[in-house]
Q: 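Here's a structure for you.
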There are 2 protein chains.
Amino acid sequence: MVDAKPSRGVQRREALLQAATDVFLEQGYAATSIDAIIERAGGSKRNIYSEFGNKENLFTAIVAANAAKAVAALAIEEIDARDLRSTLTVFGHRLMDIYMSPSLLGVYRVIISESQRFPALVKKFYNQGPGRASARLAEVLEQARARGDIETADCVKAADHFVSMIRGNLHLQVLVGLRSPPRAKEVAEMVESVVELFLRGVTAR
Amino acid sequence: MVDAKPSRGVQRREALLQAATDVFLEQGYAATSIDAIIERAGGSKRNIYSEFGNKENLFTAIVAANAAKAVAALAIEEIDARDLRSTLTVFGHRLMDIYMSPSLLGVYRVIISESQRFPALVKKFYNQGPGRASARLAEVLEQARARGDIETADCVKAADHFVSMIRGNLHLQVLVGLRSPPRAKEVAEMVESVVELFLRGVTAR
DNA sequence: CAGATATGGTAATAGGCGTTACCAGTCAAG
DNA sequence: CTTGACTGGTAACGCCTATTACCATATCTG
């Protein structure tokens with residue numbers, strides 16, 4: 001909108017980021033060579049080094065970009081908080097969709113693999129990703145408790161439990177390639193199962 | 001060819017496995033050099049290659065050994081299934097202890113990192129680890145349902161939920177080095193919170 | 001149109017690593 | 001004590017890869 005004409009440099013930068021994303025998130029940091037990125041992006045190594053300086057910078061750039069992209073979908077400001085069940089269901093679906101997206105699966109693999117090499121990246125990722133999701137959900141739960149809809153000792157812990165159930169064994173299996181991502185029907189069943197158990201677990205009786 | 005000296009060979013093999021475990025599980029597969037293992041184990045590279053053949057074989061050997069060691073602690077045959085709350089509490093504590101042990105944290109990191117390079121290893125790991133834990137718990141839940149203690153649509157899903165809550169955001173944070181493993185008090189609080197939510201979630205009212 | 005400058009591609013550099021060849025020291029047997 | 005097989009350590013090989021130097025090409029200005 002604002003940038004009516006994407007300059008040559010920006011275009012090239014985008015192409016490099018896209019190619020680097022594909023290769024890094026699929027192969028991992030160590031197994032990815034600069035040559036492999038260039039082969040996919042076209043151009044020459046020179047472009048990478050004049051644009052990003054070195055391999056680490058390129059890596060952190062693509063991880064941060066993809067993590068941020070995923071986080072953008074996590075806002076639940078507009079969700080109608082008065083109906084907790086539908087709120088949780090919608091939120092659960094969004095979480096599941098994001099967790100099962102190829103890009104975020106790649107980010108998870110790579111973050112876990114290279115966590116000791118890039119601690120700052122890890123911190124940013126967690127705080128904007130799982131941490132933020134859990135924190136926002138905790139606020140929603142606090143409101144529900146204030147209304148008397150639920151009765152639970154610790155809303156922060158409860159939010160953690162919900163997020164953890166959504167990103168459960170299914171996520172782990174997909175993450176390590178033991179199975180393919182679930183189709184819509186299976187996602188719906190899983191979310192519903194989680195919401196059901198969670199609601200019964202936190203609802204006053 | 002018959003091995004005429006078992007004790008010496010076995011000792012050397014153990015030392016190599018121990019050193020390789022330390023380095024592989026801390027640094028990851030790609031970042032670990034044969035030299036680094038030798039530096040820690042003593043001796044020379046020649047030992048590794050005459051004992052294991054190559055780097056991949058050594059790696060699979062140490063991962064399988066550590067995964068099996070962790071799995072051994074997961075048996076819940078002897079748990080008194082008549083008191084579901086204490087069963088879940090004991091089981092939760094065991095799971096948490098194992099998940100938070102340095103060796104299994106390392107196995108997780110390395111399994112996730114190298115999953116596409118060693119798919120057979122991944123399969124074995126999952127089936128003997130999280131898969132088995134969840135399956136065994138599902139059996140316990142089935143019994144509880146048969147007695148009418150709980151009322152839940154799908155005991156397999158419920159077991160997955162329990163295991164996933166135990167290995168939740170806390171595990172992820174420790175896995176990526178964002179925080180140190182929890183102390184006994186925090187573990188107990190977390191397990192209790194999970195058991196409470198889970199029991200209320202599956203209990204008939 | 002012509003020269004100056006920025007940009008992209010090729011190839012060289014330098015270092016690391018898995019793997020193996022070769023040599024030295026060790027232990028057993030005669 | 002001597003000899004011979006064997007085990008363990010050093011150093012070399014070959015390959016790969018991040019990074020950079022240098023040259024060709026394209027883009028822009030007067």
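Sequence lines set the chain letters: A, B, ... in the order given, protein chains first and strands last, and positions in each chain run from 1.
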Q: How many whole angstroms separate atom CG of B:Leu16 from atom P of D:dG8?
A: 10 Å
Q: Can you tell me if A:Lys55 uses its side chain to pair, donor with acceptor, with the backbone of A:Thr32 under 3.5 Å?
A: yes
Q: Determine whether a donor-acceptor pair (N or O, by modelled atom type, separation under 3.5 Å) exists between the side chain of A:Arg200 and the backbone of B:Thr203.
A: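 Between the backbone of B:Thr203 and the side chain of A:Arg200 there is a qualifying donor-acceptor contact (under 3.5 Å).
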Q: Tell me: CZ of A:Arg117 to P of D:dA18, nearest whole Å?
A: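 The answer, rounded to whole Å, is 11 Å.
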Q: Quick one: which of D:dG8, C:dG8, D:dT17 gets closest to the side chain of A:Ser33?
A: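 Out of D:dG8, C:dG8, D:dT17, the nucleotide with an atom closest to A:Ser33's side chain is D:dT17.
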Q: Roughly how many Å is it from NZ in A:Lys55 to P in D:dT17, rounded to a whole number?
A: 9 Å
Q: Between A:Asn54 and D:dT20, does any side-chain N or O lie under 4.0 Å from OP1 or OP2?
A: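 For A:Asn54, the contact criterion (side-chain N or O under 4.0 Å from OP1 or OP2 of D:dT20) is not met.
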Q: Closer than 3.5 angstrom, by distance alone: can the side chain of A:Ser134 be matched with the main-chain N or O of A:Gly131 as a donor-acceptor pair?
A: no
Q: For B:Leu58 and C:dC17, what is the distance between atoms CG and P respectively, to the nearest whole Å?
A: 16 Å
Q: Checking B:Gln173 against B:Asn169: is there a side-chain donor and acceptor pair closer than 3.5 Å?
A: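 B:Gln173 and B:Asn169 do not have a side-chain donor-acceptor pair below 3.5 Å.
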Q: From CD1 of A:Ile37 over to C1' of D:dA18, roughly how many Å is that when rounded to an integer?
A: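 Atom CD1 in A:Ile37 sits about 11 Å away from atom C1' in D:dA18.
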Q: So, OP1 or OP2 of D:dG9: does either fall under 4.0 Å of a side-chain N or O from B:Ser44?
A: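 Checking B:Ser44 against D:dG9: at least one side-chain N or O falls below 4.0 Å of OP1 or OP2.
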Q: Rounded to the nearest angstrom, tell me the gap between atom CZ in A:Arg12 and atom P in D:dT27.
A: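 Distance check: A:Arg12 CZ to D:dT27 P gives 13 Å.
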Q: Is it the case that the base of C:dT19 and the side chain of B:Lys45 share a donor-acceptor contact (distance under 3.5 Å, atom types as modelled)?
A: yes
Q: Check the distance between D:dA21's P and A:Tyr49's OH and give it to me in whole angstrom.
A: 13 Å
Q: What's the closest nucleotide to the A:Asn47 side chain, out of D:dA18, D:dG8, C:dG8?
A: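 Ranking D:dA18, D:dG8, C:dG8 by closest atom to the A:Asn47 side chain puts C:dG8 first.
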Q: Check whether any side-chain nitrogen or oxygen of A:Arg46 sits under 4.0 Å from OP1 or OP2 of D:dA21, and answer yes or no.
A: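 So the side chain of A:Arg46 is outside the cut-off, no N or O lying under 4.0 Å from OP1 or OP2 of D:dA21.
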Q: Taking the nucleotide of DNA chain D with the closest heavy atom to each, which residue, B:Gly42 or A:Ile34, is nearer the 5' end?
A: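 First, find each residue's nearest nucleotide; the 5'-ward one identifies B:Gly42.
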Q: State yes or no: are the ring centers of A:Phe118 and A:Phe59 separated by less than 6.0 Å?
A: yes
Q: Taking CD1 from A:Ile48 and C1' from D:dT20, how many angstroms apart are they, rounded to a whole number?
A: 14 Å
